[in-house]
Amino acid sequence: MLLPLSLLQSLLLVMSQVLLKAALQRMEPFGWTAQFFRSVAVNWRFALCGLCFASAGVMWTYIVKHYPLSVAYPLLSLSYALGMVAAVVFFHETVEWYKWLGVLLIMTGCILIAR
């Protein structure tokens, strides 16, 4: 049961980062101005980012309470692999082959740890 929970928690973390990047692209440049804070307040992506991040935090709390940390903590690296896929899908970033090899090694390690 740990692997599906870790996968869901990692998906929430990645969703929060994707939403954060999308929100930041639509915000005014940072400044201590009313215009900047207004752009933050009306940015639904920023709010949803916080909700996803909080949900991932609650899930992490559950995971740490019910599973050994030595197994659960390394599974957080699933978010690195999912984050790279999200970068390609949502932001059309280019990822070199050796970085995909790194993701494959991370996923292999997660499988070995979760056994």
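It should be emphasised that the depicted structure is a prediction, and the values quoted were computed from it without experimental measurement.
- Remark: Leu12 CG to Met59 CE distance equals 6.5 Å, nearest 0.5 Å.
- Atom OH of Tyr67 has more than 12 heavy atoms from other residues, nucleotides or ligands within 6.0 Å.
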Using the rule given for side-chain contact (heavy atoms from CB on, under 4.5 Å), can you reason through Leu3 versus Leu7, listing the C-alpha separation, both sets of side-chain angles and the distance that settles it, and then say yes or no? CA-CA 6 Å; Leu3 191 56; Leu7 186 58; 5.7 Å; no

Yes or no on side-chain contact (heavy atoms from CB on, under 4.5 Å) for Val40 and Phe46, after CA distance, side-chain angles and deciding distance? CA-CA 7 Å; Val40 172; Phe46 192 68; 3.7 Å; yes

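- Screening residues 37-51 for salt bridge (charged side-chain N to carboxylate O under 4.0 Å, His left out), with sequence neighbours left out, gives no hits.
- Between the CG atom in Leu24 and the OG atom in Ser39 there is a gap of 9.5 Å [rounded to 0.5 Å].
- Its side chain outside the 4.5 Å cluster rule for every partner, Leu112 clusters with none of the Ile, Leu, Val, Met, Phe, Trp and Tyr residues.
- Judged as a ring-ring contact (aromatic ring centres under 6.0 Å, His included), not a single pair has a partner in residues 90-115 (not counting sequence neighbours).
- Taking a 4.5 Å side-chain heavy-atom cut-off between Ile, Leu, Val, Met, Phe, Trp and Tyr, the cluster of Leu48 extends to Leu19, Trp44, Leu51.
- Take Trp32 and apply the ring-ring contact (aromatic ring centres under 6.0 Å, His included) test, not counting sequence neighbours, and it matches Phe30, Phe37.
- Remark: Lys99 pairs with Glu96 by the salt bridge (Lys or Arg N to Asp or Glu O under 4.0 Å) rule, at least two apart or across chains.
- Shortest non-hydrogen contact noted between Ala86 and Val14 is CB-CG1, 3.7 Å.
- Contacts of Tyr62 classified as ring-ring contact (aromatic ring centres under 6.0 Å, His included), with partners at least two apart in sequence or in another chain: His66.
- Applying the side chain to side chain contact (heavy atoms under 4.5 Å, CB included) rule to Ile113 yields the partners Val71, Pro74; only residues at least two apart in sequence or on another chain are considered.
- Through side-chain heavy atoms spaced under 4.5 Å, either directly or across other Ile, Leu, Val, Met, Phe, Trp or Tyr residues, Val42 is tied to no other residue.
- Sorted by first and then second residue, the salt bridge (charged side-chain N to carboxylate O under 4.0 Å, His left out) pairs involving residues 9-33 (not counting sequence neighbours) form an empty list.
- Remark: Leu13 CG to Leu76 CG distance equals 7.0 Å, nearest 0.5 Å.
- Distance CG/Asn43 to CG/Leu20: 9.5 Å, rounded to 0.5 Å.
- Residues Phe36 and Pro29 come closest through the heavy atom pair CD1-O, 3.5 Å.
- The side-chain hydrogen bond (donor to acceptor under 3.5 Å, both in side chains) pairs that include a residue from residues 52-61 number zero, where partners must be two or more places apart or lie in different chains.
- Closest non-hydrogen pair, Ile63 versus Gln9, comes out as CD1-CB, 4.2 Å.
- The side chain to side chain contact (heavy atoms under 4.5 Å, CB included) test applied to Ser10 returns Leu78, Ser79, Leu82, not counting sequence neighbours.
- Taking both residues in full, the closest heavy atoms of Cys52 and Met15 are given as SG-CE, 3.6 Å, listed atom of the first, atom of the second, then distance.
- Within 6.0 Å of CD on Gln35 lie no more than 12 heavy atoms contributed by other residues, nucleotides or ligands.
- For the residue pair Met107 and Ala81, the shortest heavy atom distance occurs at SD-CB, 3.6 Å.
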